[in-house]
J.: 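So that we are looking at the same thing, I have put the structure below in structure tokens.
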Amino acid sequence: MMNRKKALSVILTLALAASVVSFSGCKGATTYVNGQVSQISEQPQESTVESTVESSQTPEESSEPSPATENTNYNLTDSIKDGVILHAWSWSFNTIKDSMADIAAAGYSTIQTSPANKCIEGGNGGMQLMGEGKWYYHYQPTDWTIGNYQLGTEDEFKAMCDEAEKYGIKIIVDVVPNHTTPSTDAVSENLINAVGGADKLYHKNGKKDITNYSNRLECTTGAMGGLPDVNTENPAFQDYFIKYLNQCIADGADGFRYDTAKHIALSDDPQEDSSLKNNFWENVTTKIDKADTIFNYGEVLQGDNDRVADYIKAIGHTTASSYGAALRSSLSTGKLNAESLSDLKVGGSTDVVTWVESHDNYADGSSLKLTDKKLIEGWAVIAASGNGTPLFFDRPFEADSDKQWGTMNRIGAAGSTLYKDKNVAAVNHFRNAMVGEDTKMTNPDTEKSVLIISRGSKGVVIVNTGSKEYSLNADTTLADGTYTDRANDGAEFTVSGGKITGTVSAEGIAVLYNDGYVAPVSMPTVSVETDSFTTSEDSVSVVLHAKDSSKNTYSVDGGSEAEFSDGDSITVNVSDSTALKVSATNDNGLTSTMTYYFTKSSSNKSGSSVSFKKPSDWGDKIYAYIYDETVKPTEQNAEWPGEEMTKNADGTYSYTLSKDWSSALIIFNDGAKQYPAAMEPGAKLVAGQTYTAQ
């Protein structure tokens with residue numbers, strides 16, 4: 001049975017099966033369509049300035065910031081491997097560009113984008129991360145050219161890379177060569193012609209789902225989660241894909257993350273076609289432009305038969321998913337075992353990308369319950385270490401365990417501000433200053449609630465997972481002296497005679513080093529107060545805030561800029577989607593920018609109704625299935641197939657809402673056939689509307 005709720009579940013489950021079920025054979029492929037598929041408001045000042053701003057349908061997101069990059073030391077690393085990566089998950093290219101100063105000030109030497117390739121336009125082009133639209137559509141390529149409706153154009157991609165270069169920041173692009181969208185009719189004719197025809201684009205069994213993940217031939221040639229498997233051994237496809245990589249490089253990319261890399265054969269894997277060589281990895285890592293300087297890493301989720309060591313050798317770097325799982329487990333129990341956490345669990349290699357959570361872990365809900373404090377603790381463990389290259393996954397804006405997709409639930413928007421939290425930034429800068437120093441992890445006592453990460457004799461980061469502050473008195477290799485805690489202003493630790501003493505706050509961290517310390521770059525901040533980013537009203541009242549700035553501006557949907565003062569109130573007229581861009585610039589010319597998206601929702605009140613005109617070949621019993629997946633757990637009017645509709649005299653069917661809905665979708669079905677179609681999101685619920693299957 002393939003209902004839309006099921007369609008979501010199947011995308012989530014089929015593809016999730018690739019990761020949640022992952023630790024056997026190749027089942028760890030990836031989740032969703034990677035495998036398919038706190039901000040505290042400040043009170044307004046007593047005096048406010050009221051203004052009304054009209055909105056337009058299409059926001060103009062581009063901007064021309066003029067950051068003061070000269071004579072500003074952001075303390076970033078020259079190499080991707082030595083620094084830290086910000087995973088700007090589902091941010092648009094323009095959003096990344098606008099955020100560049102904040103990203104640099106927080107100590108990130110590299111940014112990883114979501115896939116830049118042309119992709120399926122699903123969910124009627126909706127832009128919700130989950131709901132009317134899906135984040136994972138950009139993991140469903142229709143062509144390997146730069147630009148898609150979710151993240152932006154090639155010109156915007158290039159402008160983002162140009163802006164990154166001003167700050168010395170590198171760009172990694174997530175690339176998806178293993179599969180295309182399941183909607184193969186949407187695949188570009190240019191691609192099909194370039195590879196020699198549709199029959200040459202996919203493996204012979206490329207549309208048949210993998211059933212035996214331990215079978216390497218099946219694992220590298222079969223469909224995963226309904227995603228048809230590309231024949232990556234086809235030389236014509238390789239040429240076409242390398243052309244895409246080279247265009248990314250020409251536009252400013254410095255590296256690539258290869259999605260579902262474990263599903264692309266290694267040189268000695270079984271061959272589907274003896275006339276073709278398993279040489280994809282050899283060619284894409286050596287025949288691209290600037291091959292000697294490009295940073296490549298593959299998503300190889302670990303489990304039986306994962307061949308991770310061989311993938312590291314073939315690609316250069318891989319993910320370290322088992323380490324992430326072990327770290328999350330440690331954070332949940334509050335026990336950080338130094339011996340266990342010193343092992344990256346990839347056979348001794350340090351050529352891996354580490355994380356506390358990945359976008360897959362977050363999207364499938366397995367890491368959702370980690371609080372901000374736990375995320376900071378985990379980040380301190382991996383970023384303070386010199387082993388591996390840590391990646392910080394940025395969750396959706398104001399997301400929490402009850403609202404997984406955040407308060408805006410918007411593709412293209414910047415996510416949580418945790419990426420630039422002072423604790424996170426302090427650890428980033430610590431790592432950047434410790435390049436070349438050996439890493440040693442120790443527990444000062446048998447409780448193991450405290451972990452000390454030492455970098456040679458130059459610096460120390462201490463993580464306390466306990467609910468009480470910890471008085472440290474432990475052995476250290478640091479030179480005698482007084483060390484200021486760079487994560488907590490004013491706190492000091494003392495080293496004397498090989499012993500370090502001081503106090504670490506409850507569920508907190510301490511970052512200690514003197515040699516190599518560079519004072520953090522001071523950035524202005526912006527925020528807004530509003531009742532909701534989703535409203536059924538025609539307008540919303542928004543209070544604008546800016547701190548540590550000398551000039552503040554806002555604009556709506558790319559309109560003219562207006563200046564504001566901290567605490568000013570404005571009224572924003574809301575269309576189907578309205579973008580409010582707020583910027584603050586300080587005396588040093590550094591600008592912090594955030595774009596807030598407001599969405600017009602239908603007033604779907606209890607007692608209102610919808611109607612449906614069924615196709616002639618459907619059964620006579622029609623159901624309405626309503627669901628809202630912007631909250632967790634998903635709300636629904638009933639289990640699939642939903643609630644039965646009432647047949648009217650004119651042949652239409654009606655359904656009366658029994659509760660209020662704010663961000664719901666609806667599917668009509670007869671228990672077998674459905675509208676919208678299986679594997680597509682439901683239609684937007686609009687009270688009073690009559691729907692007709694098309």
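Just so it is clear, the structure is predicted and the values come from calculations on it, not from any experiment.
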J.: Roughly how far, to the nearest 0.5 Å, is CG of L391 from CG of L86?
T.: 8.0 Å
J.: Looking at T180, N148, D143, which one forms a side chain to side chain contact (heavy atoms under 4.5 Å, CB included) with C119?
T.: N148
J.: Report yes if the distance between the aromatic ring centroids of F668 and Y623 is under 6.0 Å, otherwise no.
T.: no
J.: Answer yes when K204 and D199 have at least one side-chain N-carboxylate O distance shorter than 4.0 Å, and no when they do not.
T.: no
J.: Between E218 and K208, does at least one N-O distance fall below 4.0 Å, as a salt bridge requires?
T.: no
J.: Are Y136 and H359 an aromatic pair, judged by ring center distance below 6.0 Å?
T.: no
J.: Would you call K287-D239 a salt bridge at under 4.0 Å N-O?
T.: no
J.: With a 4.0 Å cut-off, would you call E299 and K262 a salt bridge?
T.: no
J.: Relative to each other, are the rings of F237 and F241 parallel, tilted or perpendicular (30° and 60° limits)?
T.: parallel
J.: Do T630 and Q128 have side-chain heavy atoms sitting under 4.5 Å apart?
T.: yes
J.: Decide yes or no on ring-ring contact (aromatic ring centres under 6.0 Å, His included) for W91 and Y419, but give the supporting numbers first.
T.: CA-CA 13 Å; W91 296 25; Y419 81 90; 5.6 Å; yes
J.: Just by distance, do the side chain of N305 and the backbone of S214 share a donor-acceptor pair under 3.5 Å?
T.: yes
J.: Do the charged groups of K118 and E154 touch, with an N to O distance under 4.0 Å?
T.: no
J.: Decide yes or no for Y297 and F256: does some side-chain heavy atom of the first lie under 4.5 Å from some side-chain heavy atom of the second?
T.: no
J.: When D268 is tested against each of R216, R307, K277 for salt bridge (Lys or Arg N to Asp or Glu O under 4.0 Å), which residue passes?
T.: R307
J.: Between W355 and F392, does the ring centre distance come in under 6.0 Å?
T.: no
